[in-house]
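Note sheet for the following structure.
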Amino acid sequence: MFKVAKEFSFDMAHLLDGHDGKCQNLHGHTYKLQVIVIGETHVDGAKKGMVLDFSDLKQAVNQLILQPMDHAFIYDQTSERECKIAQLLTELNSKTFALPYRTTAENLAHFIFHRLQTTLPVTIDAIRLWETPTSFAEYREP
């Protein structure tokens, strides 16, 4: 069994409505995303010797994660305050992306895991999402 990984970087703005610290205010992060997949290598064909072609992984992450989320205001659609901000940004032709829960690093890692797992032809071992250079959340299935 092999593990292979690819890293990506993207920027998003968010806030955590109801948080008891400074993250209750609108702010942004440069996120680093690491997608780790597991599997056996292909025994023949164009992908012989590969678990997954890194370019295929890059294409999936670009389409499902980066294009909709990079440089967007990501918000909790269950928060009235965050929805008001998103509505104003949308009216001003700014990019927004809604999630059905709070936009913590933990929830984002979970969301990314499941969004990619439904598309990739291999098993995702883990998603690591750095919110800062020294802080990350990791999600993997039990």
Side-chain angles (χ1 to χ4, degrees), residues 1-42 45-142:
M1 185 73 63
F2 290 90
K3 284 188 183 185
V4 295
K6 186 156 179 64
E7 293 183 357
F8 305 87
S9 178
F10 59 103
D11 299 294
M12 288 190 304
H14 77 141
L15 61 92
L16 299 176
D17 188 22
H19 183 62
D20 59 358
K22 61 185 180 178
C23 290
Q24 67 183 300
N25 297 305
L26 182 61
H27 63 284
H29 298 282
T30 296
Y31 290 89
K32 182 173 87 170
L33 170 64
Q34 185 179 59
V35 180
I36 306 163
V37 301
I38 57 173
E40 295 297 335
T41 58
H42 291 270
K47 311 291 187 197
K48 183 177 180 179
M50 298 178 180
V51 173
L52 176 67
D53 189 324
F54 289 123
S55 67
D56 293 339
L57 179 55
K58 180 181 178 180
Q59 181 180 4
V61 171
N62 278 333
Q63 179 183 1
L64 297 170
I65 307 303
L66 302 183
Q67 288 177 12
M69 298 172 79
D70 186 31
H71 283 81
F73 170 62
I74 187 166
Y75 68 99
D76 175 357
Q77 64 189 19
T78 69
S79 163
E80 182 179 345
R81 179 175 174 234
E82 292 183 37
C83 286
K84 285 181 182 179
I85 294 167
Q87 181 180 358
L88 175 61
L89 289 170
T90 300
E91 290 170 7
L92 296 171
N93 295 318
S94 290
K95 192 174 177 182
T96 63
F97 188 87
L99 290 175
Y101 36 72
R102 209 170 199 202
T103 59
T104 62
E106 295 88 343
N107 284 341
L108 289 168
H110 179 265
F111 170 80
I112 291 168
F113 181 100
H114 286 284
R115 188 156 186 164
L116 291 173
Q117 187 62 73
T118 60
T119 301
L120 292 175
V122 294
T123 300
I124 297 178
D125 179 57
I127 294 292
R128 288 187 184 144
L129 185 68
W130 279 262
E131 194 172 78
T132 70
T134 61
S135 305
F136 75 88
E138 178 177 294
Y139 181 80
R140 63 179 64 232
E141 292 284 274

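Residue numbers start at 1 and run along the sequence shown.
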Can you give me the closest heavy-atom contact between [X] and [Y], atom names plus distance?
| X | Y | result |
| --- | --- | --- |
| Arg102 | Gly18 | NH2-C, 3.5 Å |
| His29 | Thr132 | ND1-CG2, 4.4 Å |
| Gly49 | Thr41 | O-CG2, 3.4 Å |
| His27 | Leu15 | CE1-CA, 4.2 Å |
| Thr78 | Pro100 | CG2-O, 3.6 Å |

Check against side-chain contact (heavy atoms from CB on, under 4.5 Å), Leu116 and Ile127: CA-CA 10 Å; Leu116 291 173; Ile127 294 292; 4.2 Å; yes
Neighbour count >12 (heavy atoms, 6.0 Å) for atom [atom1], [X]:
| X | atom1 | answer |
| --- | --- | --- |
| Glu7 | CD | yes |
| Glu141 | CD | yes |
| Tyr101 | OH | yes |

Enter the distance from [X]:[atom1] to [Y]:[atom2] here, rounded to the nearest 0.5 Å.
| X | Y | atom1 | atom2 | answer |
| --- | --- | --- | --- | --- |
| Asp125 | Glu138 | CG | CD | 7.5 Å |
| His114 | Tyr139 | NE2 | OH | 3.5 Å |
| Gln67 | Asn62 | CD | CG | 6.0 Å |
| His42 | Leu52 | NE2 | CG | 7.0 Å |
| Ser94 | Ile85 | OG | CD1 | 12.5 Å |
| Lys47 | Asp53 | NZ | CG | 4.0 Å |

Spell out, as yes or no, whether a donor-acceptor pair under 3.5 Å connects the side chain of [X] to the backbone of [Y].
| X | Y | answer |
| --- | --- | --- |
| Glu40 | Met1 | yes |
| Gln63 | Ala60 | no |
| Gln34 | Ala5 | no |
| Arg115 | Val61 | no |
| Gln117 | Ile124 | yes |

Please verify the inter-ring angle class for Tyr75 with Phe73; under 30° counts as parallel, over 60° as perpendicular, anything in between as tilted.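 Tyr75 and Phe73: parallel rings.
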Using the six-membered ring wherever Trp is involved, compare the ring planes of Tyr31 and His14 and label them parallel, tilted or perpendicular (cut-offs 30° and 60°).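 Rings of Tyr31 and His14: perpendicular, over 60°.
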Given Ile65, which partner from the list Val35, Ile112, Asp70 fulfils the side chain to side chain contact (heavy atoms under 4.5 Å, CB included) test?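 Exactly one candidate clears the test, Ile112.
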I want to check something: taking the side chain as every heavy atom from C-beta on, are [X] and [Y] in contact at a cut-off of under 4.5 Å?
| X | Y | value |
| --- | --- | --- |
| Leu64 | Thr118 | no |
| Met12 | Leu108 | yes |
| Leu129 | Leu33 | yes |
| Ile38 | Val51 | no |

Under a plain distance cut-off of 3.5 Å, with no hydrogens placed, do Asp76 and Thr103 share a side-chain donor-acceptor pair?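 Per modelled atom types, Thr103 and Asp76 side chains form no pair under 3.5 Å.
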Lys95 to Phe97 six-membered ring, cation-pi geometry met (6.0 Å, 45°):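 Geometry flag: not set, cation outside 6.0 Å or 45°.
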